[in-house]
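Contents: one structure, followed by commentary.
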Amino acid sequence: MSNSSHNYISLSGRNSSLVIDCNNETPQIIYWRERLSKQSTGQMMDLLRLRQEAPASPMQEIALAITPTTGQGYIGHPGISLHGDTDQWSAAPEISKLETVAANHYVITNTDSSRQLTTIHTLKMDSDSDVLEITTKLINNSESAVHVDWCAAATFPIPSNCQHIIGFEGHWSGEFQEHQLEQHFGSYVRENRRGRTSHDSFPGLIMRTKNTDQLQGEAYGFHLGWSGNHKIVAEKMGDGRAYVQMGELLLPGEIILQKGQSYQSPTLYASYSNQGLSSLSQQYHQYVRSHLIRQTVKNKPRPVHYNTWEGIYFDHDQETLKDLATRAASIGAERFVLDDGWFIGRNDDTAGLGDWYVDQQYYPHGLGPLIEHVKAAGLEFGLWFEPEMINPNSDLFRAHPEWVLSTPPNPQLGFRNQLVLDLSRTQVFDYLFERINSLLTEYDISYIKWDMNRDINHPGDASGKPAIHNQTRAFYRLLAKLKSAHPNVEIESCASGGGRADYGVLAHTDRIWTSDSNDALERLKIQKGFSYFFPAELMGTHVGPRDCHITHRTINMAMRASVVLFGHMGMEMDLRELTADEIVELKAMITLYKKHRHLVHSGDLFRLELPEYMHGLGIVSQDKSEALFSCSLVACSPASLPDQFFFAGLDKKALYELQIIWPTKSGEHWPKASVFNFKTNLPEIDGKQFSGELLMQLGMQIPLLTPQNSLIFHLARIN
Ligand code: GLA
């Protein structure tokens with residue numbers, strides 16, 4: 001559609017068009033679906049959308065505007081909710097200016113001249129990925145203060161065929177669990193008040209049709225790029241219209257705008273696909289790859305990590321650490337990350353947070369000797385911090401008990417023995433910057449694991465006001481300042497695992513620690529949920545100990561190693577415990593990861609539709625010349641032999657050579673050695689050529705495997 005009439009705004013990606021009608025008082029999205037041709041006009045849409053007066057309803061239906069308001073008579077969840085001394089609660093800004101910044105980039109200004117309030121919507125569609133960025137800003141020009149109770153980034157109408165919800169829930173060590181439900185009249189609401197993105201309410205939502213699956217059908221995706229509190233609303237109203245709204249959840253009195261002050265919502269990232277959920281994710285992945293991942297990080301292969309946490313916990317001993325670094329290097333690690341426990345007083349999790357000085361007890365000559373050893377072994381060095389936190393048992397707390405967020409006289413809640421520093425206090429911000437900056441300056445540290453291990457239950461600042469908003473902004477500022485002082489340092493976002501994963505923090509960080517659970521079976525679910533909005537290269541995934549420390553499940557090395565190939569690989573266990581057989585398999589996986597990381601970190605992800613006892617995914621290069629697929633058995637098949645495995649995303653007409661690259665043939669888990677010793681079909685298939693159409697339409701018969709086994713296939717196009 002062309003913007004022939006200036007009162008319709010049209011934004012287009014490669015596959016979708018979004019049209020906003022600006023002819024009335026308020027801007028509203030009237031079309032967002034498959035890309036339109038030039039012959040379709042806004043006037044046609046208005047006619048087709050005409051709704052008659054409904055019985056016992058307003059004579060003129062209230063628009064489902066980008067920011068619908070109570071002042072307009074809207075009785076759904078409003079886009080802004082305000083109060084003040086007078087009638088600010090009933091504000092109803094009307095369109096006052098439309099600006100075209102560039103193609104696919106518009107600014108819509110709305111003014112309420114009576115109450116002297118302005119809202120500004122900024123919309124930008126990334127035409128390559130079809131991801132729309134949208135924010136709403138609120139400005140108070142009146143003499144009286146305005147309390148902002150809610151200012152959604154946007155309100156999106158959802159067509160009646162897409163009223164099936166995919167939401168995300170979870171918990172520590174079980175993040176990104178998707179749940180599905182059919183929308184009902186009324187609201188689906190998720191409110192996160194934890195002061196961090198959270199494990200249990202990822203700020204994402206997908207609306208799909210009843211029949212949409214991973215590989216076909218329509219779906220709308222929404223993600224709020226914000227690491228503080230948030231609210232998600234998906235309502236189906238009594239008049240049949242449905243919408244999705246997302247924004248920052250504001251605590252009472254958290255944002256008060258004096259004359260001339262403004263509040264801007266976090267960015268909402270929205271996208272539409274009619275090619276299924278995998279294609280929707282590919283759009284988000286492409287967006288993240290071109291807009292959020294730094295070029296310098298993109299240019300460098302993601303190094304294999306060795307992280308000390310599940311290997312030694314707080315038991316720091318330089319000789320042991322040097323030994324671990326040597327062992328890690330010998331099997332192929334490229335980066336050594338010294339986790340929690342290196343700073344003064346940190347013998348366990350009851351003390352030390354805040355005192356960011358190297359503990360001379362364990363490191364009498366500082367971190368220098370260990371870092372030199374690590375570097376000499378050919379590894380980069382990374383260091384763990386948890387800057388926003390403080391233990392009451394720390395020198396910092398003894399000197400500055402007033403630096404913490406609190407709501408006196410309410411008692412603070414115990415939560416991993418730590419409290420939260422008020423980052424919006426200049427002294428706190430400066431102290432943390434000074435400490436981290438000086439360590440990064442003194443030592444050759446190229447990586448930070450930035451952790452946050454508690455919720456903010458009592459988020460009051462020194463003036464008694466709620467401070468999650470300011471805390472989140474100050475956290476971003478601190479990251480930005482450190483990044484600008486040390487542009488080559490990469491930062492990982494961690495919050496007891498995946499508790500801080502969102503595009504807000506990703507604007508300042510380079511990797512996400514997906515979950516504290518290194519249990520491969522749990523990881524299959526967690527990593528699948530993570531993959532909806534994040535590409536593989538951001539997903540920290542480690543081979544953990546044989547007996548998983550969190551689930552106490554014993555999982556063989558072949559299975560544990562198989563799940564890490566599809567992310568940013570690392571290891572996290574006491575390497576001294578590995579058997580010779582385990583070392584063979586681990587080394588083989590590291591070699592595979594190094595060989596294929598370019599493909600994994602740039603290709604298109606296809607989550608596969610498989611029966612419950614199987615799990616599968618594929619990564620296909622953008623030109624479809626190469627692919628990796630994995631098929632895992634997580635339980636026994638209900639039949640005597642498993643089902644077929646249908647590949648996806650290949651070039652139908654092409655011929656591919658299929659190689660079974662996992663389990664490694666030199667390791668103990670190659671299927672021929674199964675307990676029953678049934679002959680499998682694998683040797684016959686390995687290395688043979690198959691057409692793309694057969695791989696996708698006929699599929700491959702999976703051999704009899706015991707649960708907790710994975711096969712990984714490599715496909716190379718040969719014509
Ligand atoms: C959190 C992180 C872990 C580890 C510990 C250290 O739980 O998620 O990976 O760093 O803190 O205390």
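Counting starts at 1 for both ligands and their atoms, in listed order.
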Please produce the table of protein N or O atoms sitting under 3.5 Å from N or O atoms belonging to ligand 1, one pair a line, distance to 0.1 Å.
unit_1: ligand 1; atom_1: 7 (O); unit_2: Asp516; atom_2: OD2; d: 2.8
unit_1: ligand 1; atom_1: 8 (O); unit_2: Gly497; atom_2: N; d: 3.0
unit_1: ligand 1; atom_1: 8 (O); unit_2: Asp516; atom_2: OD1; d: 2.5
unit_1: ligand 1; atom_1: 8 (O); unit_2: Asp516; atom_2: OD2; d: 3.1
unit_1: ligand 1; atom_1: 9 (O); unit_2: Lys449; atom_2: NZ; d: 2.7
unit_1: ligand 1; atom_1: 9 (O); unit_2: Asp516; atom_2: OD1; d: 3.3
unit_1: ligand 1; atom_1: 10 (O); unit_2: Asp339; atom_2: OD1; d: 2.6
unit_1: ligand 1; atom_1: 10 (O); unit_2: Asp339; atom_2: OD2; d: 3.3
unit_1: ligand 1; atom_1: 10 (O); unit_2: Trp384; atom_2: NE1; d: 3.0
unit_1: ligand 1; atom_1: 10 (O); unit_2: Lys449; atom_2: NZ; d: 3.0
unit_1: ligand 1; atom_1: 10 (O); unit_2: Asp451; atom_2: OD2; d: 3.3
unit_1: ligand 1; atom_1: 11 (O); unit_2: Asp451; atom_2: OD2; d: 2.9
unit_1: ligand 1; atom_1: 11 (O); unit_2: Asn453; atom_2: ND2; d: 3.2
unit_1: ligand 1; atom_1: 12 (O); unit_2: Asp340; atom_2: OD2; d: 2.6
unit_1: ligand 1; atom_1: 12 (O); unit_2: Arg416; atom_2: NH1; d: 2.9
unit_1: ligand 1; atom_1: 12 (O); unit_2: Arg416; atom_2: NH2; d: 3.0

**Asked** Out of Trp450, Trp513, Tyr447, which residue meets the side chain to side chain donor-acceptor pair (under 3.5 Å) rule with Glu492?
**Response** Tyr447
**Asked** Which heavy atom of Gly332 sits nearest a heavy atom of Val304, and at what distance?
**Response** O-CB, 3.9 Å
**Request:** Give every residue pair that meets the side-chain hydrogen bond (donor to acceptor under 3.5 Å, both in side chains) criterion with at least one member in residues 360-373, sequence neighbours excluded.
**Result:** His316-Tyr363, Thr326-His373, Asn347-Tyr362
**Aromatic Phe475 / basic Arg500 pairing, under 6.0 angstrom, 45° off normal** = yes
**Prompt:** Cation over ring, Arg346 on Phe314, under 6.0 Å and within 45°?
**Reply:** no
**Prompt:** In terms of side-chain geometry, is the basic nitrogen of Arg289 or Glu537 positioned less than 4.0 Å from the acidic oxygen of its partner?
**Reply:** yes
